[in-house]
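Reviewing the structure listed below.
Residues: numbered from 1 along the sequence shown.
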Amino acid sequence: MSMTMHHRERQAARGQSRADRIEYRLLVAIAFVICFVMAGASRLVAAMRGKPLDSHGRSVFAEARASAHATAGYAFLA
């Protein structure tokens, strides 16, 4: 294999990797918005009912971020 062909293959692989990262970040961003609304709503409903909040010491942002990363990972399994 010549050096030029090897170089082109590496560039193609790098481009695909970059596209995968962008796709993952986009999925996380979309999932974050949904998870943020859901986490906020669940805390609001719990507070209105007078129940203690079960947040495990995490902020709404941290909870939504963790949920978004977990959700986006499942998209690549399909």
Nearest 0.5 Å, please: how far is [atom2] in [Y] from [atom1] in [X]?
{"X": "S67", "Y": "F36", "atom1": "OG", "atom2": "CZ", "result": "12.0 Å"}
{"X": "E63", "Y": "M38", "atom1": "CD", "atom2": "CE", "result": "11.0 Å"}
{"X": "L27", "Y": "H69", "atom1": "CG", "atom2": "NE2", "result": "11.5 Å"}
{"X": "R65", "Y": "S59", "atom1": "CZ", "atom2": "OG", "result": "10.0 Å"}

For a 4.5 angstrom cut-off between non-hydrogen side-chain atoms, does E23 reach D20?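 Yes. Closest side-chain heavy atoms under 4.5 Å.
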Shortest non-hydrogen separation from A68 to V28 and the atoms involved: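 Closest approach of A68 to V28, heavy atoms only: CB-O, 3.7 Å.
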